[in-house]
Amino acid sequence: MPDPRTELTYQSPFALLVAVVLSAQATDVSVNKATPALFASAGAPQTMLALGEAGVARFISSIGLYNAKARNVVALSRILIEQHGGEVPLNRQALQALPGVGRKTASVVLNELGVEPAIAVDTHVFRVAHRLGLSAAKTPDLVEADLMRITPKTGLTRAHHWLILHGRYTCVARKPKCGSCLVSDLCPSRELFEGA
DNA sequence: ATCCCGAGGG
DNA sequence: CCCTCTGGAT
C-alpha cells in the first residue's frame with residue numbers, strides 16, 4: 001500500500017507510465033502534487049494528446065524538466081494510440097521505444113504491473129548498491145547486472161523495492177541514518193558516515 | 001550547493 | 001564520453 005505522500009500513486013497503466021516519465025530527476029512528492037489535476041483533465045492517451053504540449057506543460061510546470069516531459073508525454077500518447085490500440089504495451093522493447101522511456105522507466109512499469117520482475121537502477125538503488133558493496137560498477141546498467149546476478153530470482157521484486165525504500169528513508173544521500181539502519185553491521189561504508 | 005524512482009542528443 | 005533539460009526541497 002503506497003503512501004501517496006511519498007510514493008508514486010496511479011490508477012491505470014497509462015497513469016503509471018506517465019507518472020514514472022514525469023518522475024525523472026524529480027521527487028515522487030512533487031510528481032504526486034501535479035498528477036491529480038493532470039489526470040483529471042487527461043487520464044487516457046486520447047485526452048492527453050488533445051491537451052497538447054502547452055496544456056500538459058501548464059499542469060506539470062512545478063516539476064523539473066517540464067518542457068521535455070510535456071513533449072514526451074504527448075508524443076508517447078500519440079504512439080500508444082497509433083501503434084498500440086491506446087494501451088500501454090507490456091513488453092520492454094515497445095516501452096523503451098516510447099519517447100521519454102528508457103531502461104529504468106520501462107523496468108519500473110514492467111515490475112509494477114507484474115509483467116516481469118526487474119531491478120530498476122535509479123539514483124537510490126545505485127547509491128545503496130555502492131555503499132553496501134554490492135556493486136562497484138560505474139553505470140546503472142552494470143550495477144543492474146551485478147544486482148541481478150547476486151539476487152535470488154524469486155526475490156527480485158522484493159529486493160528492488162527494499163533498495164528503493166532503504167535509499168529513500170535510511171541510506172539517504174546526504175546524511176545516511178546509519179544508527180537506525182538494519183544492515184549497518186554488514187555495511188563497509190558505515191565508518192565513512194559515523195560521527196556525522 | 002546538492003539531490004530527486006533519467007533520457008536524449010551531440 | 002559529455003551536456004542539457006528543469007523546479008522544489010534540504
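What separates CZ of A:F126 from C1' of B:dC3 is a distance of 14 Å, to the nearest Å. The interatomic distance linking A:N72 (CG) with B:dG9 (C1') rounds to 12 Å, in whole Å. For A:D122 and B:dG6, the CG to C1' distance is 10 Å, given to the nearest whole Å. When rounded to the nearest whole Å, the span between CD1 of A:I164 and C1' of B:dC4 equals 12 Å. Taking atom CG on A:L16 and atom C1' on B:dC5, their separation rounds to 11 Å, with Å as the unit. Across the protein-nucleic acid pair, A:L113 atom CG and B:dC5 atom C1' stand 15 Å apart, rounded to whole Å. Rounded to an integer number of Å, the gap from A:K175 NZ to B:dC3 P is 14 Å. Summarising the geometry, the separation between CG on A:L76 and P on B:dG8 is reported as 10 Å, rounded to the nearest angstrom.
Comparing C:dC5 with B:dC4, their C1' atoms are spaced 14 Å from each other, to the whole Å. For the C1' atoms, the distance linking B:dT2 with C:dT6 amounts to 15 Å, nearest Å. Across C:dG8 and B:dA7, the matching P atoms stand 22 Å from one another, rounded to whole Å.
In terms of position along DNA chain C, the nucleotide closest to A:K138 lies nearer the 5' end than the nucleotide closest to the other residue of the pair A:T27 and A:K138.
Between A:V18 and the options A:L22, A:V20, A:V21, a side chain to side chain contact (heavy atoms under 4.5 Å, CB included) holds for only A:L22. Each of A:N111, A:L165, A:L147 was scored for a side chain to side chain contact (heavy atoms under 4.5 Å, CB included) with A:H160, with one residue passing: A:N111.
For the 3.5 Å distance criterion, the side chains of A:R127 and A:H124 qualify, holding a donor opposite an acceptor.
With contacts defined as side-chain heavy-atom distances shorter than 4.5 Å, the pair A:L76/A:L80 qualifies. At a threshold of 4.5 Å between non-hydrogen side-chain atoms, the residues A:H84 and A:I79 count as touching.
Note on A:S30: nothing from the nucleic acid sits closer than 4.0 angstrom, heavy atoms only. Among the heavy atoms of the strands lying under 4.0 Å from A:R127 are primed sugar atoms or P, OP1, OP2 only; no base atom is included. Within 4.0 Å of A:V172, counting heavy atoms only, lies no atom of the nucleic acid at all. Across all strands shown, A:K33 has heavy atoms under 4.0 Å from sugar-phosphate atoms exclusively, and none from any base. Nucleic acid contact for A:P140: none, since no nucleic acid atom lies under 4.0 Å from a heavy atom of the residue. In this structure, A:A120 reaches neither bases nor backbone, as no heavy-atom distance under 4.0 Å exists between it and the strands shown. Residue-level contact check: A:L98 touches the backbone only, with heavy atoms under 4.0 Å from sugar-phosphate atoms and none from bases. Here A:V20 lies out of heavy-atom contact (under 4.0 Å) with every strand.
Nearest to the side-chain atoms of A:R174 among the listed nucleotides B:dA7, B:dA1, B:dC4 stands B:dA1.
A distance of 8.5 Å separates CD1 of A:I119 from OG1 of A:T157, quoted to the nearest 0.5 Å.
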Show me the side-chain donor-acceptor pairs of residues 97-107 of chain A shorter than 3.5 Å, one per line, residues at least two apart or across chains.
from	atom 1	to	atom 2	distance (Å)
A:R103	NE	A:E144	OE1	2.8
A:R103	NE	A:E144	OE2	3.2
A:R103	NH2	A:E144	OE2	2.6
A:S107	OG	A:R92	NH1	3.3
A:S107	OG	A:R92	NH2	2.9
A:S107	OG	A:R103	O	3.0

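Between A:T105 and B:dA7 there is a side-chain N or O to OP1 or OP2 distance below 4.0 Å. Remark: A:T123 is in phosphate contact with B:dC4, judged by side-chain N or O atoms under 4.0 Å from OP1 or OP2.
Under a hydrophobic-cluster definition in which Ile, Leu, Val, Met, Phe, Trp and Tyr are linked whenever side-chain heavy atoms come within less than 4.5 Å, directly or via other members, A:F126 and A:L142 are assigned to different clusters.
The footprint of chain A on DNA chain C, defined by a heavy-atom cutoff below 4.0 Å, extends from C:dC5 to C:dT10.
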